[in-house]
There are 2 protein chains.
Amino acid sequence: MAEPDGTQAERDFLAQYDPRAFDPIAVTVDVVALTLRAGRLHVLAVERGGQPFAGRWALPGGFVRAGRESLDEAAARELAEETGLDAAALDRVHLEQLGSYGSPHRDPRMHVVSVAYLAFAPGLPDAQPGGDAAGAGWLPVEAISPAGQPDEARPRPFEQGRRTGAYGGGAGRRPGHDGSGGLAFDHGRILADGLERARAKIEYTPLATAFLGESFTITELREVYETVWGAALHAGNFHRKVLSVPGFVESTGETDTRPGSRGGPRARLYRAGDARLLHPALLRPDREAGVR
Amino acid sequence: MAEPDGTQAERDFLAQYDPRAFDPIAVTVDVVALTLRAGRLHVLAVERGGQPFAGRWALPGGFVRAGRESLDEAAARELAEETGLDAAALDRVHLEQLGSYGSPHRDPRMHVVSVAYLAFAPGLPDAQPGGDAAGAGWLPVEAISPAGQPDEARPRPFEQGRRTGAYGGGAGRRPGHDGSGGLAFDHGRILADGLERARAKIEYTPLATAFLGESFTITELREVYETVWGAALHAGNFHRKVLSVPGFVESTGETDTRPGSRGGPRARLYRAGDARLLHPALLRPDREAGVR
DNA sequence: CGAGAAATACTCATACTGAGAACGACATCG
DNA sequence: CGATGTCGTTCTCAGTATGAGTATTTCTCG
């Protein structure tokens, strides 16, 4: 970048655009962090301590530290604070910018522009309250977002062994159940946008693997797609497709040691390949052609 | 939305996050407005009047009016100011959010978060300086953005009749030719992101028609794709494809009256259909599978 | 009028997709 | 232990989409 002509520029600028007088807009980052727990899609949420929306769930987020961090850094910091993950664990989390929300009255206190981020995380431990939040936890998305699940019904019965306790972490109370069922501010909208982005993104990128551990079976990968898309997929065709797309997954040469829950052979294990884009893409079933 | 408990909240908030002391971040919108002129992709740019980057080209943009407009409204306003279009003409312009840019020092004066928008416009009249810009004009993207054109070479000779004067509008000077060839601030990066988004977006949406007038020929539509993608397409296959995707275009029943430049029959005319998404999509040639 | 160019249509080989079936490994139940 | 059912994996087959090339007709230009 070129060097500015500091003094002169600064004088002009500040005279015309004094932040206090003309531009009292706050900038925050909010994170839609998604993970899979017990075969259901969950989103990280915090319980608001103060007004407005006290006691309601909200997306984790906070103010960008002016002059000291980029938006990406702010999002990573907020995510780390709320999940309690260290840098190494965060490395395995995919984090991308989702979009910005800046209606003048989305926050009743002042004009706040929020830059939303979307995160895909493998199964994570219970969240922990960070910052000024009263509690934090993973919420099943279909419990909050009207657009949480696509039009379809639930994918299939799907009962995995482990605990089904959905509200992990901090508080034992269950805020957000005030009838609206929604998140604070416009976070319901942000979540819906994040979910749509996630559904679209796993079509043409290998990011579905970001929901899984180091190694996984094709069936586990298929369950990620089924859960995120909310639709059942043909197991045989999915298998063929995944193995035929170059760089999607690579074999570890090993076989799953865990016994299948209801019989069947031990599945082979794979790890994420080196592709950044899937070609050809895995398209969602239906999509009802054009018009929608 | 629920009603805030104003007073208490406001006290807490302001105590902790006084805009002046803790959060002097300015919020702007910048617009990557693309159009086709003489078979080449052009971007709307303004010549900077003051420091920093005085005399350099930059994307049109400006501060969001706190408490008075949303980000979308601010972007539409900036675009209207710079192009001089009225509301009716703007209606035919596609405008969508591109992403936000917030590195602490992207503007040397202070921390500025810029929300970038992407606009697709049909051939427009010369731009007019609006606001504090010294000049405004449509610049051929390959003249500025290193990533302006995809890896490929120029699509094909392509010489259309009219004036090739690229720098329309305001000033007769040609700023930006200081050796770097780039735009001010990080606008080169924003432009590159906008171009990539545009290339991707015309794959699965009918937005290529937004670069054309009310009615157009299949060949004109193909030229949009060729220009944006920077690659020649097979005319016959393109024709078959466009007509086979439901809702992409619909026939007007009429035939082009203008004589072809170098012979050939009069082409049939079409208008944009009602599809929002193309299915199946029109994929860019090659894309070199996975890894990239 | 003849050459060349362009709009559109057609052909053919190949690739990808959805649906279904086959087969063998494994668990659980009786 | 054997019957029964589940599940991972592979195959087959038909329908559809794609890339490349060619044919036909209608123009303009010289």
Side-chain angles (χ1 to χ4, degrees), chain A residues 156-161 203-204 215-223 225-226 229 231-246 248-249 251-252 254-270 278-287 289-290, chain B residues 39 156-161 203-204 215-223 225-226 229 231-246 248-249 251-270 278-287 289-290:
Chain A
R156 66 236 117 83
F158 211 129
E159 315 233 342
Q160 284 187 349
E203 283 190 308
Y204 60 95
S215 73
F216 48 83
T217 68
I218 300 290
T219 295
E220 285 168 342
L221 184 58
R222 175 166 49 82
E223 285 166 355
Y225 278 89
E226 292 180 328
W229 285 346
L233 300 177
H234 179 119
N237 290 342
F238 182 85
H239 208 279
R240 172 184 62 187
K241 176 74 180 176
V242 166
L243 295 184
S244 75
V245 173
F248 193 179
V249 300
S251 174
T252 63
E254 299 187 357
T255 295
D256 200 347
T257 54
R258 297 160 295 181
S261 48
R262 281 186 302 248
R266 307 290 157 88
R268 288 173 219 167
L269 289 172
Y270 298 83
L278 303 183
H279 187 78
L282 275 105
L283 298 181
R284 277 174 273 188
D286 291 321
R287 302 247 66 204
Chain B
R156 67 235 118 83
F158 211 131
E159 315 232 344
Q160 283 186 349
E203 283 190 307
Y204 60 94
S215 73
F216 48 85
T217 67
I218 301 290
T219 295
E220 286 168 342
L221 184 59
R222 176 167 48 82
E223 285 166 355
Y225 278 89
E226 291 181 329
W229 284 347
L233 300 177
H234 180 120
N237 290 343
F238 183 84
H239 207 278
R240 173 184 61 186
K241 176 72 180 177
V242 167
L243 294 183
S244 76
V245 173
F248 192 0
V249 300
S251 173
T252 64
E254 299 186 357
T255 295
D256 201 349
T257 54
R258 297 159 296 180
S261 49
R262 281 184 302 248
R266 306 291 158 86
R268 288 171 220 167
L269 289 172
Y270 298 83
L278 303 183
H279 186 78
L282 275 106
L283 298 181
R284 279 173 271 187
D286 290 322
R287 302 247 66 203

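A, B, ... follow the sequence lines: proteins, then strands. Residue 1 opens every chain.
Atom CZ in A:R284 sits about 16 Å away from atom P in C:dT17, given to the nearest Å. The distance from atom CD of A:E223 to atom P of D:dG8 is 8 Å, rounded to the nearest whole Å. Atom-to-atom, CZ of A:F248 to P of C:dC16 comes out at 16 Å; the value is rounded to the nearest Å. Going from atom CZ of B:F238 over to atom P of C:dT8 covers 12 Å, rounded to whole Å. As rounded to whole Å, 15 Å separates atom P of D:dG8 from atom CZ of A:F216. The distance from atom CD1 of B:I218 to atom C1' of C:dA6 is 14 Å, rounded to the nearest whole Å.
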Which pairs, protein N/O on one side and nucleotides 10-17 of chain D N/O on the other, fall under 3.5 Å?
residue, atom, partner, partner atom, Å
D:dT10, OP1, A:R268, NH1, 3.3

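Taking only side-chain atoms of A:R266, from C-beta outward, the nucleotide of D:dC7, D:dG8, C:dC26 with the closest atom is C:dC26.
Between D:dC7 and A:R262, a contact under 4.0 Å exists linking OP1 or OP2 to a side-chain N or O.
Distance alone, capped at 3.5 Å, is enough to place a donor-acceptor pair between the B:K241 side chain and the B:A281 backbone.
In this structure, A:E203 pairs ionically with A:R284, as a charged nitrogen and a carboxylate oxygen lie closer than 4.0 Å.
Residue contacts shown for B:T219 are limited to sugar-phosphate atoms, with no base heavy atom under 4.0 Å away.
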